[in-house]
Amino acid sequence: MPDTDIEVWLLDLDTLDATARERLLALPSDLDRRASEARRLARAVVRHWLGELLGRAPEVLALSTPATGKPALPDAGIAFNASHTGPWLALAWSRTLPDVGLDIEQLGQRRNFAAMTRRYFHPHEAALWERTPVAGQEDTWLRTWTRKEAVLKGHGLGLRLILRNLDTTSSTISHASIGHWLAHSRHAGPGDRLMVSVAWPRPATQD
């Protein structure tokens, strides 16, 4: 990510063979037992990745999910966030920033963009999407949506903030409830069929 040490790891979970899946699903999990296998597998991969980053066995990591929904790992020394869509899993992490948010979405999915824009987008975001040529509207919509999600996931406020009140069209994304954030979006994956957005708090030096 520009001017940060943030790294993003991306994995197609469908590429894992049966042995790898079995080994990962055997790891301890903080998820409810009723969680789907796909969700448990994604969380297990995140646990495995964090173990690699920290040089610890994944089994001993005290990974938890507080009421905010933002995964936590006390005294890890890194900020991280994960996102999962279809078979794709991503992890964003930083050793220098206090918080990181991440969201990924697949292009080519059926969505009612107009209805969701009216319901969830700030007026500035809606205007941007409406004036985008039809060929680019999916890109514009997904970039806006993933930036919103990345900021809210990074902060930990999640959907407790009304999405229409958050404007992501400026270079700095600000709201009284979350402060000031920066974000970066790009395509990824085979054929650039994923939209990836990462967000992080704006450094105090830029205030």
Side-chain angles (χ1 to χ4, degrees), residues 1-4 6 8 10-13 36 38-39 42 65 67-71 79-92 97 99-202 206:
M1 297 300 112
D3 302 318
T4 75
I6 296 173
V8 178
L10 184 67
L11 174 67
D12 179 352
L13 295 173
S36 68
R39 189 177 174 208
T65 305
T68 61
K70 180 181 179 182
F80 69 94
N81 204 248
S83 184
H84 179 209
T85 180
W88 291 98
L89 174 68
L91 176 75
L97 294 168
D99 291 293
V100 174
L102 170 70
D103 192 52
I104 61 173
E105 295 289 345
Q106 297 181 89
L107 280 74
Q109 305 297 300
R110 295 188 64 179
R111 298 178 175 93
N112 189 331
F113 292 119
M116 295 180 74
T117 295
R118 289 191 296 270
R119 182 172 182 179
Y120 297 118
F121 280 15
H122 185 279
H124 293 167
E125 297 170 333
L128 174 63
W129 179 76
E130 288 167 358
R131 67 174 179 263
T132 300
V134 173
Q137 282 190 340
E138 183 182 30
D139 256 22
T140 298
W141 196 94
L142 288 175
R143 183 175 292 108
T144 300
W145 180 263
T146 55
R147 287 163 78 89
K148 280 181 179 289
E149 288 283 302
V151 168
L152 294 175
K153 288 173 64 180
H155 182 274
L157 191 63
L159 296 181
R160 289 173 293 170
L161 186 147
I162 298 173
L163 292 180
R164 281 177 53 85
N165 292 343
L166 184 65
D167 180 9
T168 65
T169 59
S170 300
S171 57
T172 297
I173 301 168
S174 302
H175 190 279
S177 297
I178 62 173
H180 307 294
W181 287 70
L182 303 176
H184 179 75
S185 305
R186 57 162 295 174
H187 292 98
D192 285 340
R193 301 302 292 170
L194 290 172
M195 180 66 72
V196 179
S197 287
V198 179
W200 61 96
R202 189 178 71 180
Q206 296 183 26

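Applying the salt bridge (Lys or Arg N to Asp or Glu O under 4.0 Å) test to pairs two or more places apart or on separate chains, none has a residue in residues 186-198.
When the side-chain hydrogen bond (donor to acceptor under 3.5 Å, both in side chains) test is applied to T4, no partner is found at least two apart in sequence or on another chain.
One finds the CD atom of E149 at 12.0 Å from the OG1 atom of T144 (value rounded to the nearest 0.5 Å). Between atom CG of residue D167 and atom NE2 of residue H175 there is a gap of 10.5 Å, rounded to the nearest 0.5 Å. The structure places CH2 of W141 at 9.5 Å from CH2 of W129, a figure rounded to the nearest 0.5 Å.
A 6.0 Å sphere centred on CG of N112 holds more than 12 heavy atoms belonging to other residues, nucleotides or ligands. Counting heavy-atom neighbours within 6.0 Å of H124 NE2, excluding the residue itself, gives a total of 12 or less.
The residues K70 and D99 are annotated as salt-bridged, a charged nitrogen and a carboxylate oxygen being separated by less than 4.0 angstrom.
Among the candidates T140, L142, V134, the single residue satisfying the side-chain contact (heavy atoms from CB on, under 4.5 Å) test with E138 is L142.
Annotation for L107 and M195: closest pair CD1-N, 3.7 Å, computed over non-hydrogen atoms.
With no hydrogens or angles considered, no side-chain donor-acceptor pair links W181 and T172 at under 3.5 Å.
In this structure, Y120 and W145 have perpendicular ring planes: the angle between them is above 60°, well past the 30° mark.
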Check the pair R164, E125 against salt bridge (charged side-chain N to carboxylate O under 4.0 Å, His left out), reporting the backbone distance first and the verdict last.
CA-CA 9 Å; R164 281 177 53 85; E125 297 170 333; over 6 Å; no
Carefully, step by step, assess E105 and R111 under the rule salt bridge (charged side-chain N to carboxylate O under 4.0 Å, His left out).
CA-CA 12 Å; E105 295 289 345; R111 298 178 175 93; 3.3 Å; yes
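In this structure a side-chain-to-backbone donor-acceptor pair under 3.5 Å is missing from Q109 to Q106.
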